[in-house]
Amino acid sequence: MRYRDYLTSDKVAQPSDGPDVAIADSAVVAELGDGSFHAVWQGRAGLLGEFDGTREEAVAWARRRSKRCFLCTRAPGDLMPLEAGD
């Protein structure tokens, strides 16, 4: 279930054996309103780094910092793992 579906669903959240995206070392790439991309690298201690550039540059920057990379799409609350071909 995607996060946006969880927000509009009447289902009860179930515990997960996987790491929590909010506290595990991860990187998130998001498209900004002007068409540029912003990447953040986060860990247990909080924000570890930020980067602005093209989609390709932001994805490459994120992948150099974490094995757990996500793409935040324009749909509010929609967070998807970056696949190898992205």
Side-chain angles (χ1 to χ4, degrees):
M1 174 185 314
R2 291 183 182 212
Y3 182 68
R4 69 172 180 215
D5 298 327
Y6 168 76
L7 291 176
T8 59
S9 173
D10 59 353
K11 296 180 182 177
V12 176
Q14 299 297 318
S16 170
D17 292 333
D20 185 345
V21 173
I23 62 171
D25 175 68
S26 60
V28 178
V29 177
E31 184 176 3
L32 302 179
D34 64 358
S36 66
F37 285 79
H38 181 74
V40 294
W41 177 34
Q42 58 196 19
R44 292 184 188 276
L47 184 65
L48 301 173
E50 295 181 85
F51 177 85
D52 290 308
T54 66
R55 184 182 196 280
E56 293 78 18
E57 292 169 339
V59 168
W61 181 90
R63 286 198 168 133
R64 284 193 304 270
R65 279 146 185 85
S66 179
K67 292 181 182 178
R68 294 172 35 86
C69 296
F70 298 89
L71 178 65
C72 183
T73 66
R74 288 183 177 250
D78 199 7
L79 192 66
M80 301 180 306
L82 274 171
E83 301 298 334
D86 287 339

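Worth knowing before you read on, the calculation uses all heavy atoms, side chains too, and leaves out hydrogens, waters and symmetry mates. Residues take their numbers from the sequence shown, with the count starting at 1. Quantities reported herein were computed from a predicted structural model and do not represent experimental measurements.
Linking ILVMFWY side-chain heavy atoms closer than 4.5 Å, directly or via other members, places Phe70 and Val40 in a single hydrophobic cluster. Tracing side-chain contacts under 4.5 Å through hydrophobic residues (I, L, V, M, F, W, Y), one never reaches Leu47 starting from Phe51; they form parts of separate clusters. In this structure, Phe37 is a member of the same hydrophobic cluster as Val59, with clusters built from ILVMFWY side-chain heavy atoms closer than 4.5 Å.
Scored by the side-chain contact (heavy atoms from CB on, under 4.5 Å) test, Ala62 finds Ala27, Val29, Cys69 as partners (sequence neighbours excluded). Under the rule for a side chain to side chain donor-acceptor pair (under 3.5 Å), Trp61 has no partner lying at least two apart in sequence or in another chain.
With contacts defined as side-chain heavy-atom distances shorter than 4.5 Å, the pair Leu48/Asp25 qualifies.
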Requested in this report: Check the pair His38, Glu50 against side-chain contact (heavy atoms from CB on, under 4.5 Å), reporting the backbone distance first and the verdict last.
Outcome: CA-CA 7 Å; His38 181 74; Glu50 295 181 85; 3.0 Å; yes
